[in-house]
Each structure stands twice: as C-alpha cells, then as structure tokens.
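To start, the structure itself, in structure tokens.
Residue numbers begin at 1 in each chain, while the letters A, B, ... track the order of the sequences.
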There are 4 protein chains.
Amino acid sequence: MTATRTGRPRSEATRLAILQAAATLTTELGYDHVTIDAIASRAGAGKQTIYRWWSAKSMVVADAVIEGLLRLPALDLPDTGDLSADLKAWTTASAAKMGDSRFLQVVRALVTAATGPEQDASRLYEHIMRPTYEPLVARLRRGQDAGQLSTAVSAESVADALLGTLLFRALARLPMPETMTGIIDALLAPPPPPSSS
Amino acid sequence: MTATRTGRPRSEATRLAILQAAATLTTELGYDHVTIDAIASRAGAGKQTIYRWWSAKSMVVADAVIEGLLRLPALDLPDTGDLSADLKAWTTASAAKMGDSRFLQVVRALVTAATGPEQDASRLYEHIMRPTYEPLVARLRRGQDAGQLSTAVSAESVADALLGTLLFRALARLPMPETMTGIIDALLAPPPPPSSS
Amino acid sequence: MTATRTGRPRSEATRLAILQAAATLTTELGYDHVTIDAIASRAGAGKQTIYRWWSAKSMVVADAVIEGLLRLPALDLPDTGDLSADLKAWTTASAAKMGDSRFLQVVRALVTAATGPEQDASRLYEHIMRPTYEPLVARLRRGQDAGQLSTAVSAESVADALLGTLLFRALARLPMPETMTGIIDALLAPPPPPSSS
Amino acid sequence: MTATRTGRPRSEATRLAILQAAATLTTELGYDHVTIDAIASRAGAGKQTIYRWWSAKSMVVADAVIEGLLRLPALDLPDTGDLSADLKAWTTASAAKMGDSRFLQVVRALVTAATGPEQDASRLYEHIMRPTYEPLVARLRRGQDAGQLSTAVSAESVADALLGTLLFRALARLPMPETMTGIIDALLAPPPPPSSS
DNA sequence: AGGTAAACGAGACGGTACGTCTCGTCTTCCT
DNA sequence: AGGAAGACGAGACGTACCGTCTCGTTTACCT
C-alpha cells in the first residue's frame, strides 16, 4: 500500500492537457521558447499543478514523448530476413528524420533530462530508449541465428554502435547515410583479412 | 582598412580572463547554469565588455574551447603498434571517465548548442570533438595501413561507432567497458564469413 | 424554525481547534502572515471546514478574539481607591508591555481589519479593545464619583486619551512612561485656572 | 565618503514614476489591491527596480506619502491666539478627514511599515508624524506662554493625547468630534475641584 | 603636452520567466 | 451531511538573468 488514500484524486484530464500543451508548444516554438507559464495557460491549468507533478520543463516534455504526444522519429525496424538490408533501410530512414530540427528540440529535452537525477534518467531510458533498443537487439540476435552476424560479438555491442553513431552524428550535424552503410557492412560481412596492401 | 585606429585597444588580459571564467564555470556548473553575469563577475569584467565582443553565451564558450581552455577530459590514444590493445586501453580509460560529471557537463553544452543556430553548433562541435575525433581516426588509419583493420570500412565509421557508443551509453547510463571490448573485437578481428553468403 | 435538522452536527471540538490555531498563529506570526492553510493544518481541520463557517480570515480571528483566545496583553486595572496611583501603575505596566512584539502583532491585525469592511472592523475592535477599554472607563467613572476626576469631561474622553497615547507612541516607537504620568496629572489634578479667563 | 561611486546612477525619473504609480493605484484600488507588478507596469519600470530600492510594498506607499504624492489629511494647525478654539477647529477638521476610507488605506500602509524594521519605522516617524507632531507641540507651548494651558503638564503629553485619540478613534471607527472637544476642555480649562457632588 | 576616442569596471534599467505561496473552490473517501 | 485530505485554476510574490544603457576612468593614438 504505497498510496495515500484521501483527498481529491489527480485529474487525468488536466495531466493530459498539460502534456498535450507541452507537445504542441515544443513543436510550434522549439524547446527553448516553451515556458511553464505558456504550458499552463494553454492547458488551462495552474502553474502549481505542473510543479506538483513534474520537477522541470524537460521532464514535462519527456513525459509528452513517453505519452506519445510528441513523436520521436519512428524507428520501426523491418524484418525481411535480410539483416543487412533491414539495417540499412532503418538507418537511412532514421538518419533522414534526424535532420529535422523538431527532432533536435526533443532530443535536447531528453538529454537535459538524462543528465538530471538518476531516477529521471532511468525513467527516460525505460520509456524512450528501450523501445528502440530492445527490438534492435532482438533483430540482431535473429540475424545471428540466421548466420548473418557473427556470434562472437554481442548483439548489444552492435546496437550500441548503431544507435550511438546515429546520436553522435545527429548532434554533430554530420552527414549520415553513407557512414552508416559502411559500418553495417563492416560488422556484418567482414572482408577477408588483408594480406598485402 | 576596416579598422578604426584611435582609442584604447582591446585588453588581451580581459579577453583571456573572460574565456577562462567561461571555461571554469561551464565545467563547474554545466553549460545551462552559466550566466553572463557570473562570467563577468568571475573575470572581474563588465558585462558590456562581453557583449561588445561576443554575441551570445555560446560564442564565448566556443571561444574558450578554441582557446583550449575547455576540453573533454580526453585521454591520449596510445600507439604501441597493436591497434586492438590500444583501442581497448583507450576505451576502458575513457569509459571510466564517463562517470565524471565534467564530461556530462560538456556533453550537455554540446547538445544545447546543437539545437541552436547551425553556426554555433558547428563551432562548438568542431572544437570540442575534433581533438578527440581526429587522433582517433588517424590511429585507425595507421591500423589499416598495418593490416589490423579492414580498408573496406572507413576509419571515420569506426570512430563514429566508438565515440557514439561512449556517448550513447553515457547518456543512457548503461555500463560500458565490456561492451566496448566486444565491438572492437568485432571490427578488428572479423569472424569467418557466414556459411551461406 | 430556521434550522435544518438532518445531517451530522457541527463539531464543536473542530470549531475551537480552528479558533485556537488562529489565535496562536496570529500571536506567533502576525496577522498578515497567518494563512488559512496554516490554520487548517494546525487545527487538523480541512480548509473547506473553515470556509464553510467563516467568510474570511478576519472573521476567524475576530471569533478567536470573541472566544477569548486572543487578547491584548492587557493588565488588570487596580482599584485601590486612589485613581491617580492606579492609573499610573497601570499605564507604567502597560507601557512596558508595548515593547512586546505580540502587542504589535495584534495591533496590526486591528489596523488591517480596520481598513476592511465596516462589519469586520467593528467586530474586531469591539472585542479586542473593549476588554481593555470598558474596565478603564468604569474605573474612571468611579474616580469621578469619588471626586478624583472632574465630571466636566467624559470618562470615555480620558480613556481615549490614555489608550490613544499608548497606541500612538507604540507605533511611533517613542519612549512612554514619563509622558503617561504627565497627562494623568494634568487630567486629575488640574492647575489653577489661568489668570485671564 | 560613504557612497559607492561607479556604475550607472539611479534614475530619478524612474523613482518618481514608481512613487506616482503607487500613489495613484493606492487611491484607485485601495492598499490591499495594489500589487508590485501593477506599480511596475504603470510606472513603466521593472519589478527588480522596485525591489532594489524598497523592501516592501508598504515602504513604497510610505515613500509616496513622504514625497507628497499621496496626501494624508492636511493638518494645518491655525494660530489665532485662542488655543482652545484653534485645537477644536483643527481636531474637528482632522476628524472629518479620518472618515475618508482612502485615508485608512494609507494609514494601513504606514502602520504596516511602522511595525517593520526599526530603521523603516524611524524614517516614517521623521517624515510623516513629526511634521504634524512638532508644530502641535510648538502651538501648545505658545499656549502655555499665553497662560492658556498649564505649565504643569508637558506639551508633548497633550500632543500625544490629542493625536493618540484621533488615531485610536479613527481605527476603531468611533465618532470623534464631541469627544475631542471634551478632552480639550478638560486639559485647557479645568473646572474647580468638586467639593460636594 | 593636450585632445580625441574607444575600451574598461560598475551597476541601474525595462523586461521575461522562474519556482513558490496563498487563495477560495472542487472532488473524493470516511464517518 | 459533516469533515479531513488534498488537487485544482488563478494570480501575486520575490529572484535570477537577459541584453541595453549610462556613468566615471583608463589607455592608447594623434596632433
């Protein structure tokens, strides 16, 4: 019994109105120009209601992401049986979305939240990163089962490298597709060791 | 001759004091919590002096980086001739530093800047990441020359994967060292090609 | 029969707890810093219970006064038969209490209420001042009966002058005791009439 | 040389605009409904500018009084040579103004300020009470010289009693004129001591 | 040497947003 | 129905910074 029991219960309608307002304003104005006052006003809520449930603006935006009101680029990973083609299709599509400035606005909120208290960071990982990470690892494992990826390397390592590259180059604003193709080839179908260059 | 000629010349001592203050405060407080007032106060300078020479906080911090006053706690990448051992030593040591809050502060500065104007973002990334990224790429190229790494994959791709993994796992707060070892092995010592190619 | 009759009867214990809390907090914090929330919390009552029975903070405090829970630190006015000595003893003792911050807190409550609606103001003044004012007037009347004070001046006027002097000098933070002695002498033992009347 | 010397000097225009705004708003809305935000907005000033120079709303209003922008009832004390008539005329006129609710609004600000830090209270006394108190004492002394008031009582005592009565009855909202007449008569022309009632 | 002019430290200015506090109402469960 | 608990919309509070604007002062170059 962790719950308190008396008192007016939290209003779900208000909670959603706040998250919706945060999502809308982030998309319209960009993360930096969103204010708590504006979120409250747009949501028809009091500021205290926001501060009662969220510790910072970044957490409100992060919750809007979790709630699905503010979409990160969808990263549905296909499974056609051809791991290499699937990964290339996925990274190419993902990379294309990374150039979207609205995406960077959201990423900024998430990174801000991620550098905050451990508890908040973990929550974000669970709700935002894991839904992308786990299917990717699973797909890589199926590729290993199919003999398309060496079992000498952990699927997690490859997933880290792929997601990390996307993150790194997105933040650095470097071009992406070719790079991703190269590393995928390197990991999946390594050439014979060079003997004489 | 665009320059005016009379008047008191710009004070180099003040310029450096401002950049040093910006660097110190960014490391101590994190990019978001650095204020122009604090920089001015710490540097013993007037705010107007800062605004006279820089357009925004991000430009001051970028200049501090250029000046070499603010760095990632980057480690020297050894070159013993054994690429695998060198990378493992470097990634292990780097991963250990990822727990350092100063690292996260700088990463935050980068991400914050990344969502700002293209020009600011590029300046910061160039000068913060390059001192780490370029030597890494160079070392990988030497490894390729020595036949320790396939030439079928670009050195940049491997560098992206390594740095990206560090960045990703740092932000996601996942454990690091083992993972790094695995991916290095995968890239350097590829397994036999899958049976059905 | 104006009253409804069904339902749970009003809790007397809660009513008193609220008034006691209001009195205590007014004394401790001063009228301005008392909040309805704090009263409710201290009384172990719900805010709605307060709003159900009182229209405003001033009314709660007024009721606390009526209930005798909040008083000026009034002193008993002695009656030894010697009006002059009695008044001097009382004013000297009262003046000493004027330095007490609790006194100023109550005065502030009165002044705050005085600027509000007529009804609230009257209630507070009646009940806070009267317990001091009425005995003083009564004592002065007995002095008049005993020939110690002229009947040409109303007892109320003298009471006003005495209490007013205390109030004025307390607010102006001027020294008090000697002054009080002087005015008492002036009123009780009038000098010979001026030569040219 | 107690003053600091550098930096932009305080703007006198802004200072006056703030006091004028405070005066106007107090008159229009009443002391309670004046907000610092409204003063700042009306004055075209920033809130911080107000907080930089005044500790509380009551001090701003008090300064507006001192500056003559928010008038207390003028208490010009006539000197026709007839002390009794002069005092009665003055108290009657003063009492009439005391019923004005705008007066009570200002008094509330002053009392609030008077119950604050010693330094603020002293300032108020010097600038607000003394300009009324001192001429009154002086007039009473001239009355003593003319034999219209006993020299056995200090002029200050009488002034205390008169001002105190006005203050007390104004705050208590009790009727005034008759009472004031009575006490003046008692102090100025005492009847012969009663022998047989 | 004296004059001109830009840069300097200092800090007040009009603003925006913050995060907190209090109000008076509303909503639930418990008695 | 009364009451405790406590969430709610509203909005004022006092603070922190922003970027701009005077000030008086300092330090060069130019007569």
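Contact of the A:L25 side chain with the A:H33 side chain is not registered, since no non-hydrogen atoms from C-beta on lie closer than 4.5 Å.
Atom CD1 in C:I50 sits about 16 Å away from atom P in F:dG2, given to the nearest Å. Rounding to whole angstrom units, CE of residue C:M59 and P of E:dG24 are separated by 13 Å. Rounded to whole Å, atom P of E:dC23 lies 13 Å from atom CG of D:D32. What separates CZ of B:R42 from C1' of E:dG9 is a distance of 18 Å, to the nearest Å.
Listed by chain and number, the residues in a side-chain hydrogen bond (donor to acceptor under 3.5 Å, both in side chains) with D:S11 are D:T14 (sequence neighbours excluded). In this structure B:Q48 satisfies the side-chain hydrogen bond (donor to acceptor under 3.5 Å, both in side chains) test with no other residue, sequence neighbours excluded. When the salt bridge (Lys or Arg N to Asp or Glu O under 4.0 Å) test is applied to D:R15, the partners found at least two apart in sequence or on another chain are D:E12, D:E67. Remark: B:K57 pairs with no residue by the salt bridge (Lys or Arg N to Asp or Glu O under 4.0 Å) rule, at least two apart or across chains. Legend: residues meeting salt bridge (Lys or Arg N to Asp or Glu O under 4.0 Å) with D:D63, ordered by chain and number and at least two apart, are D:R123.
Take the nearest nucleotide of DNA chain E for A:S55 and for C:A56: the residue whose nucleotide is more 5' is A:S55.
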Does the protein touch nucleotides 8-13 of chain F at the base, only the backbone, or not at all? Give it as B, S and - per nucleotide, heavy atoms under 4.0 Å. BSB-SB
